[in-house]
Student: 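Have a look at this one.
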Amino acid sequence: MEIYGHCAPGFEPLLDTFAANFRQSGETGAAFAVRRSNELIVSLWAGRCDREGQVPYTEDTIANVFSCSKGVLAVLAMQQVAAGRLDLDRPVADYWPEFAAAGKAAITPRQLLCHRSGLVAFRERVTDDLIYDWDGSCARVAAEEPWWPPGSRQGYAAFLYGWSLGGLLERVSSRTLPELYREVLADPLQLDGGFGALGHRSTRIADVGPLKKPLPELRENAVAHAMKEDRQGPVAKAFSNPVSLLTGSNGSAWRGALIPAANGHFSARDLAGIYGDLALAKGTILDPHTVAEARREQSRERDAVLQADVAFGCGFVLSGRGADLRFGGDWGFGHPGAGGSVGFADPEREIGCGYVTARLGQSLFMDRRSVHLVEHLYRLL
């Protein structure tokens with residue numbers, strides 16, 4: 001497998017680790033990028049980005065990074081906080097009156113961001129078409145009932161996070177979510193991708209699919225067990241209502257839709273650029289005070305949906321003890337995505353890191369491919 005890109009002096013050994021993912025872990029198309037003190041010190045890519053294996057994977061190839069999208073959405077939310085348009089502790093319904101329905105009048109933006117709203121899944125079966133209808137999905141979320149009293153438990157909102165937070169951002173910013181993203185994030189940082197897969201700087205889109213041979217797990221994945229145990233419960237509903245949430249990610253409908261919790265399409269360079277800026281003592285997209293608030297711990301407990309101990313800041317997963325949630329140092333924060341992609345910031349080292357893959361593993365958080373790269377990176381620092 002020919003590897004393309006560059007590593008700054010002293011970081012050349014990462015090329016061998018990246019290549020090993022193709023030789024030993026079933027990788028077929030991926031990219032890895034690292035920014036340090038606002039300098040792109042690593043940008044590697046290799047493989048093919050289409051199912052037929054004919055189209056080369058390039059530096060600006062974008063791929064569905066699934067829940068890595070949530071971290072990008074969190075940046076947009078914190079920008080509105082910094083601008084004084086959004087108060088984290090004021091009820092969402094003050095900005096979006098319809099959201100007060102079904103016992104949600106007191107839910108705050110902070111609770112949405114740290115997954116303590118109880119709004120984790122649609123209770124009633126919804127059609128596949130709904131998730132491709134932005135206005136319809138936002139209206140349905142506004143009418144939805146929480147699964148437990150808001151604030152009482154931590155429960156990951158796998159998909160509703162995007163419609164609830166995104167709908168709120170449109171109302172406080174007076175812009176559509178794509179307009180807001182382009183204005184305050186994509187254009188300033190010259191990002192390749194965005195929410196959905198169409199209309200961005202890069203037109204090269206990777207087809208995603210499962211690894212042909214699953215990798216050994218870094219921890220027990222209890223989500224699948226919980227889904228089978230209670231098919232009408234919040235875990236099952238969060239990930240499979242509607243069914244296309246798990247099956248439609250290469251289709252034109254999915255790629256053309258606005259599903260900001262899960263259908264962001266980004267390059268590794270994008271994720272490294274976003275988190276590299278957040279890792280700076282004085283970045284361009286958020287002031288230091290707002291970054292500190294974003295990565296301050298808001299909730300830490302066994303998550304009722306993820307079935308694992310996870311700590312959240314305002315929209316970001318915080319660095320933990322396990323290798324699959326270790327974002328550099330203790331102050332690291334970011335967001336993994338289903339299948340193995342990840343983006344994170346380490347303010348102590350001013351590191352921003354992005355790993356994007358077209359071959360999806362089954363780990364709940366980071367898997368061995370990104371873990372090996374990140375661990376090797378930190379040995380070289």
Side-chain angles (χ1 to χ4, degrees), residues 67 69-127 129-181 184 195 234 237-238 241-242 245 257-263 293-294 298-299 303-305 312-316:
S67 285
S69 312
K70 292 182 176 69
V72 181
L73 191 59
V75 173
L76 299 183
M78 297 309 291
Q79 286 175 322
Q80 295 304 299
V81 171
R85 300 188 186 97
L86 181 64
D87 185 329
L88 289 174
D89 298 308
R90 183 177 171 183
V92 172
D94 284 2
Y95 306 98
W96 186 0
E98 295 86 351
F99 193 85
K104 302 193 303 301
I107 289 176
T108 64
R110 190 184 302 275
Q111 289 173 325
L112 292 179
L113 283 161
C114 70
H115 299 278
R116 297 197 69 88
S117 70
L119 193 61
V120 300
F122 295 124
R123 286 177 177 270
E124 300 298 322
R125 176 61 62 183
V126 298
T127 65
D129 291 343
L130 178 69
I131 66 169
Y132 305 133
D133 175 359
W134 170 251
D135 290 333
S137 292
C138 289
R140 185 65 181 254
V141 166
E144 193 64 42
E145 178 186 357
W147 285 77
W148 45 78
S152 65
R153 301 176 71 185
Q154 178 183 301
Y156 185 67
F159 291 91
L160 272 59
Y161 174 97
W163 295 306
S164 56
L165 191 60
L168 172 62
L169 291 179
E170 289 197 333
R171 284 154 178 82
V172 300
S173 71
S174 300
R175 294 168 176 81
T176 68
L177 192 62
E179 288 171 345
L180 181 65
Y181 165 76
V184 301
F195 301 115
K237 292 289 185 73
N241 184 20
L245 293 174
L258 184 57
I259 308 170
N263 86 330
E293 180 65 11
Q298 306 289 331
S299 181
D303 192 280
V305 173
F312 286 104
C314 285
F316 299 101

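Basis for what follows: all heavy atoms, side chains included, without hydrogens, waters or symmetry-related copies.
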Student: Please walk me through it: do R140 and W163 pass side-chain contact (heavy atoms from CB on, under 4.5 Å)?
Tutor: CA-CA 9 Å; R140 185 65 181 254; W163 295 306; over 6 Å; no
Student: Is there side-chain contact between V172 and W96, with at least one heavy-atom pair below 4.5 Å?
Tutor: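 V172 vs W96: side chains apart.
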Student: Decide yes or no for L160 and F122: does some side-chain heavy atom of the first lie under 4.5 Å from some side-chain heavy atom of the second?
Tutor: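 Yes, close enough: below the 4.5 Å cut-off.
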Student: Keeping K104 on the side-chain end and E144 on the backbone end, is there a donor-acceptor pair under 3.5 Å?
Tutor: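 The answer is yes, because a donor-acceptor pair under 3.5 Å joins these two groups.
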Student: Taking atom CD1 of I259 and atom CD1 of I131, what is their separation to the nearest 0.5 Å?
Tutor: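 These two atoms lie 4.0 Å from each other.
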Student: Just how far is it from atom CD of Q111 to atom OG of S152, taken to the nearest 0.5 Å?
Tutor: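 Output value for this atom pair is 9.5 Å.
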Student: Is a side-chain N or O of S137 found less than 3.5 angstrom from the main chain of L130, in a donor-acceptor match?
Tutor: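 The answer is yes, because a donor-acceptor pair under 3.5 Å joins these two groups.
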Student: Evaluate the criterion side-chain contact (heavy atoms from CB on, under 4.5 Å) for residue pair F99 and I107; output intermediate values, then yes/no.
Tutor: CA-CA 9 Å; F99 193 85; I107 289 176; 4.0 Å; yes
Student: Would you call the rings of H115 and Y161 parallel, tilted or perpendicular if under 30° counts as parallel and over 60° as perpendicular?
Tutor: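 If you compare the ring of H115 with that of Y161, the planes turn out parallel.
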Student: Going from OG1 on T176 to CG on L169, what distance comes out if it is rounded to the nearest 0.5 angstrom?
Tutor: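 Taking OG1 in T176 and CG in L169, the distance rounds to 11.5 Å.
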Student: If only atom types and distance count, is the side chain of R116 paired as donor or acceptor with the main-chain N or O of G151 below 3.5 Å?
Tutor: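 At least one qualifying donor-acceptor pair exists.
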Student: Take C114 and Q154 through the test side-chain contact (heavy atoms from CB on, under 4.5 Å) and record every step on the way to the result.
Tutor: CA-CA 8 Å; C114 70; Q154 178 183 301; over 6 Å; no
Student: For L86, does its backbone N or O pair with a side-chain atom of R90 as donor and acceptor, under 3.5 Å?
Tutor: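 It does not hold such a pair.
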Student: Measure the shortest side-chain to side-chain distance between F316 and K70 over non-hydrogen atoms and say whether it is less than 4.5 angstrom.
Tutor: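 When only atoms from C-beta onward are counted, K70 and F316 do not touch, as no gap falls below 4.5 Å.
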Student: Return the minimal non-hydrogen interatomic distance between P234 and A121, and the atom names on each side.
Tutor: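 That would be O-CB, 4.1 Å.
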Student: Keeping the roles fixed (side chain from R175, backbone from S173), state whether a donor-acceptor pair exists under 3.5 Å.
Tutor: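 Yes, because the side chain of R175 sits within donor-acceptor range (under 3.5 Å) of the backbone of S173.
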Student: Name every donor-acceptor pair, under 3.5 Å, that has one atom in a side chain of residues 71-84 and the other anywhere in the protein, sequence neighbours excluded.
Tutor:
from : atom 1 : to   : atom 2 : distance (Å)
Q79  : NE2    : V184 : O      : 3.1
Q79  : NE2    : I285 : O      : 3.2
Q80  : OE1    : R85  : NH1    : 3.4

Student: Which atom names give the shortest non-hydrogen contact between G167 and C138, and what distance separates them?
Tutor: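 Heavy atoms of G167 and C138 come nearest at CA-SG, 4.1 Å.
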Student: Out of curiosity, F159 CZ to N241 CG, how far, rounded to the nearest 0.5 Å?
Tutor: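 Going from CZ on F159 over to CG on N241, the span is 10.5 Å.
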Student: T127 versus P242: any side-chain heavy-atom pair under 4.5 Å?
Tutor: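 Counting from C-beta outward, T127 and P242 never come under 4.5 Å.
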Student: Is any side-chain heavy atom of L258 closer than 4.5 Å to a side-chain heavy atom of L177?
Tutor: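 Counting from C-beta outward, L258 and L177 do come under 4.5 Å.
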Student: Might you point out which heavy atoms bring Y95 and D87 nearest each other, and give the distance in Å?
Tutor: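 Scanning both residues completely, I find the closest heavy atoms to be OH-N, 2.9 Å.
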Student: Between G103 and P150, which heavy-atom pair has the shortest distance, and what is it?
Tutor: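 Nearest heavy atoms, G103 then P150: O-CG, 4.1 Å.
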Student: Show the nearest heavy-atom pair for residues P146 and S117, with the distance to one decimal.
Tutor: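 Smallest interatomic distance, heavy atoms only, reads CB-O, 3.9 Å.
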Student: Restricting to salt bridge (Lys or Arg N to Asp or Glu O under 4.0 Å), what partner residues turn up for E293, sequence neighbours left out?
Tutor: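 Counting only residues at least two positions away or on another chain, E293 forms a salt bridge (Lys or Arg N to Asp or Glu O under 4.0 Å) with R110, R296.
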Student: So, for F195 and S69, which heavy atoms are closest and what is the spacing to 0.1 Å?
Tutor: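 The answer is CE2-O, 3.9 Å.
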Student: Given side-chain hydrogen bond (donor to acceptor under 3.5 Å, both in side chains), test W134 with E170 step by step and report yes or no.
Tutor: CA-CA 12 Å; W134 170 251; E170 289 197 333; 3.1 Å; yes
Student: Once rounded to the nearest 0.5 Å, what's the spacing between atom CG of L112 and atom OG of S164?
Tutor: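 It comes to 4.5 Å.
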Student: If you round to the nearest 0.5 Å, how far is CG of D94 from CZ of R171?
Tutor: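 These two atoms lie 14.0 Å from each other.
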